[in-house]
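What's counted below: heavy atoms across the whole structure, side chains too, no hydrogens, waters or symmetry copies. Numbers restart at 1 for each chain; the letters A, B, ... are given by sequence-line order, proteins then strands.
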Amino acid sequence: MDTVDASAHYSQTIDEKPSLLVLILDTNPYAWSTLSATLPLERALASILIFLNAHMAFSHANRVAVIASHTKSARFLYPTTTTAAAAAASGGSGGGNSSNSEDPLRDANKYRQFRIIEDQVQASFAELMNQTTAGELVDAKETMMAGALGLALGYVNRLVRVDDGGVLGGKGGAGVGGKVGTTAAVAGAAGEVTSMNARILVVSVSGDLAEQYVPVMNSIFAAQRKKIPIDICKVAGETVFLQQASDTTRGIYMQLEHPESLLQYLMMCFIPDTATRRHLVPPTQINVDFRAACFCHKDVVDIGLVALEVGRGGLASLDVPHLYGTIPCVGRNPRAIFTKHGNRKLRKKKLPPLKTRLLEYLARGNVTCSILCTLLSANAHNRRLAGLYTVFCTPPEGAICTTCNTKLDISALGNFGGKPAVVLTKKKKAKKLKQSKATSFSNEASATSTPGTPAS
Amino acid sequence: MPRAVKGVLIECDPSIKAIILKIDKDSGHGYIVEDLDDETLVVKEPKLPELKLRLEKILERTQMLERDEESDPENPG
Amino acid sequence: MSGNIRGFGYLESLPPVTFRRLYQQPATALAIFRRMLPNLAKTIVTTLLYNESPVALGDLEALVRPESYREREDAFSKLRRLHIITENNLDVSLDPVFKKNFRLALTGGGDHHSFGVPCNTEDKKKITVQFLDDYATRQFEAILHYMVGTHNEVKPSKGVITLLTKGGLMERYGAGSVATITKNGFSFLLQDGNPQIWALLIQYLEMSEELGMEQTDVLHFLLMLGSLELGQAYSVNTLTETQKLMLADLRDYGVVYQRKSTSDRFYPTRLATTLTSESGGLRSASASMSSAMVKDAEEGKGFIILETNYRVYAYTDSPLQIAVLNLFVKLSTRYPNLVSGRISRRSIQEAIKMGITADQVIDYLSAHAHPQMRKSLVTLPPTVVDQIRLWQIEGERMRTTTGFLFKDFHSTQEFEEVAKYAEELGVLKWKKPSKRCMFVTRHEQIADWLKRRASAQQQQQQSKKVAT
């Protein structure tokens, strides 16, 4: 009785959910002036506006937001409530008290939604440029990407509501777009039913962001959690971390070979929303640069020292793979810490303790840290943030971790391929159990792995 | 080039098909477009409602359909 | 087909000339793009939009993953049928008229005024959005009440009744008698808001020829309505004669508001501005409109609770909704704000006798499900849903599918190829290789494919001839 098969009920999907696009535009004047030969800023802005209109054309319920990532600040270009923008929006609205005679005709020739967005973006942008003093531009070769990403994520969070019964909708949005009757929304893998597909698109022209490594990575993980893809349209400049952004969040990364064809790239690769992308072959590139930046000097490092902090309580509940998904330390020579034998032996155990799983996973994850210090601290900074890690280029002063002030054991430093040293803080009785497990584990491992420093 | 004929595909038990064939014969072959096999045939689209009606009538006559009253303990009848 | 209400699909059957005329207005191009294409097709359009030279079909097809074959074919076939793409020897480009005007729509500019000219003089009597919503509700509900036969103060106008009878939603036995609702009418009632409006408008479009109205003008206006702003008055001066005539009729449906037919301005209601949005954006008109259309349709709520023991509780006091529920639910108790009843074999089979299908019942229940119901993974209890379908099947001793029988294949190989293609598209219903016959639900794509194949083969043969 296929026609009555119940199993189909559980796989309803809505393909055509409305989509929210947050566009972050890197407005660093230096970078744009270097580009002005091939792609002047005005043309780029015009192309972007057309692209936004196209995005809005896809569906009545689509939404858009534009954020400018300036040299030392980030701000919304649309939607915004600054005076210039508001004047632009209201001045253009026909009817009522407006006596501007050319406005009605403008409205007649341009879809009102498009016009409002364009006017506001242009007004805000002009305002932004006017407010930029020459003083600010001194030595300002960077862009406030971290701030922009933060703003973007906040906006998405506000707009995309999780279903709590009743009609879903973003602020001012229509209800769930879907076929007649199929208003049961699909549950995302995270178990959340959302009203819109959200994504972030970064149009970037500036270079490296080593100083902003930490906040940018945090934003990336937040986006990954919320299933918000971050697309990067690299018009010019070299950026290491943005590649990771798109890779981690499963967005699209494109380095434009012909910046003058910006519009075509936008209209072809960056326009499909998350649902449609399932059907398309992704145009991304492959070799993601996974380097990290050290926390002490903000230098980009291939190989660094990682101090990992692991929360104490609830070992079984910690999601180990997720924990290690957050360590982007893959460099040139990935090497497993454990040999094959070691791994196999570990896997035979039913539920290895967290540390074991941790180290095993690291091995699989190709961590090339020369040393790994595992801190089991009774007062974990935050047990939920079990993925807290710190990267050092050189051992910190006095071997005190700068993030959590715990003493690190650096005696085993410099041993490539060596077993990670496990440091236990003494005090608590429960620790003894772990200690014994740790020792038993390290004993096993030592039997088969390369000779290294045994655990203390 | 192969031909395409518009119609309605009917899939049913052989017994039902036999009844349909009988209906068709009795009314002068106005229904069936093509007889495909023991359980399938194609009939003319506009004739479908009529066919269904006739089929139902015949079935009502020849079958005892149970129409049990829903036993609703709280609300009889 | 008999239970099918003509919806948007009708537009797809219009001749190419009509489309070319339609695409001359940017607003129409935008509306068709927005409402009639799946997202994949829209992506293809934007890819081609700023491309100056034609693109090879193979390249375009390569953009789509092989697994999504069906979506790809669906997208391409829609683009072809709406005459948005033109193909020349496997090179694809956008129809020039569409291209030019869609670009205009995106960039703005031009002199076409196709987005409606707003009035820049103030109206003597202020019209609020609330007023427009109330007006639309009154008018549209009047139509629905009339169809169901419940008492209502406002009666729809003669024009509306003609439309209903001509559209097969109601019928009159003998002149002068009261019109009664038909099977199609029931299906119509159970539909969601947006398809309902469109069903009426498409019927209107079909009748427009007889009434001496220019069909493209009518379409232009309808599609333009979708891009208007709620609460804004628009000038009548730029409309064509046909469109001015339309205003009177559209008033009756609650789509626009005009104080008098000599007014120089009109106001689109929410029914108009949501014409080109998705169906979910506008709750069914038979829901209490005031709640469904408040603000941005955000607060429209469902009101039906369906339990696993087949009991139904509906939090409503609208006679219209109760009448609709009564079609397939055995209602037993009525409270001031709630009616309750059960779905039973008898009630469903009676509904089926009236021409309502199980799917329609299920869609209706699903569309108006109470927010509480939505909290679970599946809105309606699968047991009940399946049982409704089973009850429908009980009455059906045979399975029917409308479609097309393909026969007279030249060879088994040809048969197999076509069968394979049909299967991949998902339209193949039945085949018998021994008789070289197959039955498919839709033939247009296969016919297109066969033609292209035949011409490709011909070309191959010709080139062979030339070579030898």
**Request:** Look only at the side chain of C/R34 and the backbone of A/M56, and say whether a donor-acceptor pair between them is shorter than 3.5 Å.
**Result:** yes
**Request:** Please flag which part of C/L106 lies under 4.5 Å from any non-hydrogen atom of chain A: side chain, backbone, both or neither.
**Result:** both
**Item:** Spacing of C/N39 atom CG and A/S59 atom OG [to the nearest 0.5 Å]
**Value:** 8.0 Å
**Request:** Verify the neighbour count for atom CD of C/E67: are there more than 12 heavy atoms of other residues, nucleotides or ligands below 6.0 Å?
**Result:** yes
**Asked** Hey, is CZ on C/R103 packed in by over 12 heavy atoms from elsewhere, all under 6.0 Å?
**Response** yes
**Item:** Proximal component of C/A31, with respect to chain A [non-hydrogen, under 4.5 Å]
**Value:** neither
**Complete:** Under 4.5 Å to a heavy atom of chain A? For C/L365 that would be neither
**Request:** Write down the atom of A/M267, the atom of C/T46, and the distance for their closest heavy-atom approach.
**Result:** O-OG1, 3.1 Å
**Request:** Evaluate the side-chain proximity of A/L280 to C/L40: yes if any heavy-atom separation is below 4.5 Å, no if none is.
**Result:** yes
**Item:** Minimum heavy-atom distance between A/F58 and C/T43, given as atom pair plus value
**Value:** CZ-N, 3.8 Å
**Asked** Which value, rounded to the nearest 0.5 Å, describes the distance between C/N51 atom CG and A/L263 atom CG?
**Response** 10.5 Å
**Asked** With only heavy atoms counted, which part of C/F33 is less than 4.5 Å from chain A, the side chain, the backbone, both or neither?
**Response** side chain
**Prompt:** Hey, is OH on C/Y69 packed in by over 12 heavy atoms from elsewhere, all under 6.0 Å?
**Reply:** yes
**Request:** Could you walk me through whether A/I50 and C/T107 pass side chain to side chain contact (heavy atoms under 4.5 Å, CB included), step by step?
**Result:** CA-CA 6 Å; A/I50 295 185; C/T107 56; 3.4 Å; yes
**Residue C/D359 versus chain A: region with a heavy atom under 4.5 Å** = neither
**Request:** Check each atom of C/A105 against the heavy atoms of chain A and say whether the ones under 4.5 Å are side chain, backbone, both or neither.
**Result:** backbone
**Fill in**
Between the CZ atom in C/R65 and the NE2 atom in A/H279, the distance rounded to the nearest 0.5 Å is 9.5 Å
**Request:** Can you see which heavy atom on C/F102 is nearest to which on A/A57, and at what distance?
**Result:** CZ-CB, 4.5 Å
**Prompt:** With respect to chain C, which residue among A/C269, A/A46, A/A54 yields the maximal number of heavy-atom pairs within a distance under 4.5 Å?
**Reply:** A/A54
**Request:** Using modelled atom types only, decide if a donor and an acceptor are shared between the side chain of A/Q264 and the backbone of C/T47 within a distance under 3.5 Å.
**Result:** yes
